[in-house]
Visitor: 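Here it is, the structure in full.
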Amino acid sequence: MFIEPAPRGSLSEEALCELESQLGFPLPDEYRAWLARTNGAEFPFDREGGPLTEPVLAGYSYHIDEELYGYRTGGSMHTELLVAHAYRGDLPMDYLPIMRLTTGAILIKVTEPRLGSIWHRGESSFTDDGVYLPDTPREGDPDEVADTFGAFLGMWSIEDGPQDSGSSAAS
């Protein structure tokens, strides 16, 4: 079943311009318009394993760790675009982190080519014999997830029933 994230509020044009100035680049148009309407968002589900399982990105088995980031959300620093941008580590400047997953980060491409496309950067890996190595970034470029931000939002689904704690991330 498709799940739509719940908006956190909205952002004024002045706030968006301030955010872009602090980031040092303009946001892709579709993502910028979404931020104006929502200021980030969270997925409504019971994190304690209640009647709704956590959302999963269709085709990837990616599970959310934090909400879609916003600007000056008034909540946890972990939901702020500027904090995510500041702690980007070895991530190429072509990408802006917009969400954390249990397996890494969701990024939006902020330069051409592929401006506005959505990518996943894994922050864990497996050895050749299948041993899980948490907090070990995979080598190479991020993996493309969706052509557009709107397509990415449409990929989230949720199923009724108990959480499946045995699911694994796509590599």
Visitor: Pick out which of Val110, Ile118, Leu107, Ile106 makes a side chain to side chain contact (heavy atoms under 4.5 Å, CB included) with Tyr95.
Guide: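 Running side chain to side chain contact (heavy atoms under 4.5 Å, CB included) over Val110, Ile118, Leu107, Ile106 with Tyr95 returns exactly one hit, Leu107.
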Visitor: Got Tyr69 and Leu82 here, is their nearest side-chain heavy-atom distance under 4.5 Å?
Guide: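 Counting from C-beta outward, Tyr69 and Leu82 never come under 4.5 Å.
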Visitor: Just how far is it from atom CG of Leu11 to atom SG of Cys17, taken to the nearest 0.5 Å?
Guide: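 Rounded to the nearest 0.5 Å, the CG-SG separation comes to 11.0 Å.
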Visitor: So, do Lys109 and Ser117 sit near enough that their side-chain heavy atoms are less than 4.5 Å apart?
Guide: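 They are in side-chain contact.
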Visitor: For the OH atom of Tyr31 and the CZ atom of Phe152, what is their distance to the nearest 0.5 Å?
Guide: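 Output value for this atom pair is 9.5 Å.
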Visitor: Please list, chain by chain and in numerical order, all residues satisfying salt bridge (charged side-chain N to carboxylate O under 4.0 Å, His left out) with Asp29, sequence neighbours excluded.
Guide: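 Here no residue qualifies.
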Visitor: Taking NZ, NE, NH1 and NH2 as the nitrogens, is one of them in Arg32 or Glu20 under 4.0 Å from a carboxylate oxygen of the other?
Guide: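 Salt bridge flag = yes for Glu20 with Arg32.
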Visitor: What pairs of residues pass the side-chain hydrogen bond (donor to acceptor under 3.5 Å, both in side chains) test when at least one of them lies in residues 145-156, not counting sequence neighbours?
Guide: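 Sorted result for residues 145-156: Arg114-Asp147.
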Visitor: With rounding to the nearest 0.5 angstrom, report the CG to CE distance, Leu57 to Met155.
Guide: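 The distance works out to 4.0 Å.
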Visitor: Using every non-hydrogen atom in the two residues, find where Leu115 and Pro28 come nearest and quote the distance to one decimal.
Guide: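 Looks like CD1-CG, 4.0 Å.
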Visitor: Find out whether Phe25 and Thr111 are in side-chain contact, i.e. whether some heavy atom of one side chain is under 4.5 Å from a heavy atom of the other.
Guide: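 The answer is no, as the side chains (C-beta and beyond) never meet within the 4.5 Å cut-off.
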Visitor: Got a second to check how far Glu67's CD is from Thr38's OG1, nearest 0.5 Å?
Guide: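 Going from CD on Glu67 over to OG1 on Thr38, the span is 12.0 Å.
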Visitor: Please report the closest heavy-atom contact between Tyr71 and Asn39, naming both atoms and the distance.
Guide: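 Residues Tyr71 and Asn39, closest heavy atoms: N-OD1, 2.7 Å.
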Visitor: What distance do Leu19 atom CG and Glu80 atom CD have between them, rounded to the nearest 0.5 Å?
Guide: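 It is 9.5 Å, given to the nearest 0.5 Å.
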Visitor: What closest approach, in Å, do Glu30 and Gly150 show between heavy atoms, and which atom pair accounts for it?
Guide: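 The answer is OE2-N, 3.1 Å.
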Visitor: State, to 0.1 Å, how close Pro97 and Leu81 come at their nearest heavy-atom pair, and which atoms those are.
Guide: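 For Pro97 versus Leu81, the nearest heavy atoms are O-CD2, 3.6 Å.
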Visitor: Testing the basics here: between Leu35 and Gly40, what is the closest heavy-atom pair and its distance to 0.1 Å?
Guide: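 Taking every non-hydrogen atom into account, CD2-N, 3.6 Å.
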Visitor: Can a salt bridge be assigned to the pair Glu18 and Arg72 using a cut-off of 4.0 Å between side-chain N and carboxylate O?
Guide: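 Yes, this pair counts.
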Visitor: Kindly indicate whether the side chain of Phe149, heavy atoms from C-beta on, has any atom under 4.5 Å from the side chain of Ile98.
Guide: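 Counting from C-beta outward, Phe149 and Ile98 do come under 4.5 Å.
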Visitor: Any side-chain heavy-atom pair from His120 and Leu101 closer than 4.5 angstrom?
Guide: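 His120 reaches Leu101 side chain to side chain.
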Visitor: More than 12 foreign heavy atoms under 6.0 Å from CD of Glu4: is that the case here?
Guide: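 Open: at most 12 neighbouring heavy atoms sit under 6.0 Å from CD of Glu4.
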Visitor: Side chain to side chain contact (heavy atoms under 4.5 Å, CB included) with Glu14: which residues, sequence neighbours excluded?
Guide: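 Expected list: Ser12.
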Visitor: For a quick test of reading the model, state the closest non-hydrogen atom pair linking Ala41 to Pro5 and the distance between them.
Guide: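 So the two residues come closest at CB-CB, 3.6 Å.
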Visitor: Would you indicate whether the side-chain heavy atoms of Leu27 and Leu96 approach each other to under 4.5 Å?
Guide: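 Result yes, sub-4.5 Å side-chain heavy-atom pair found.
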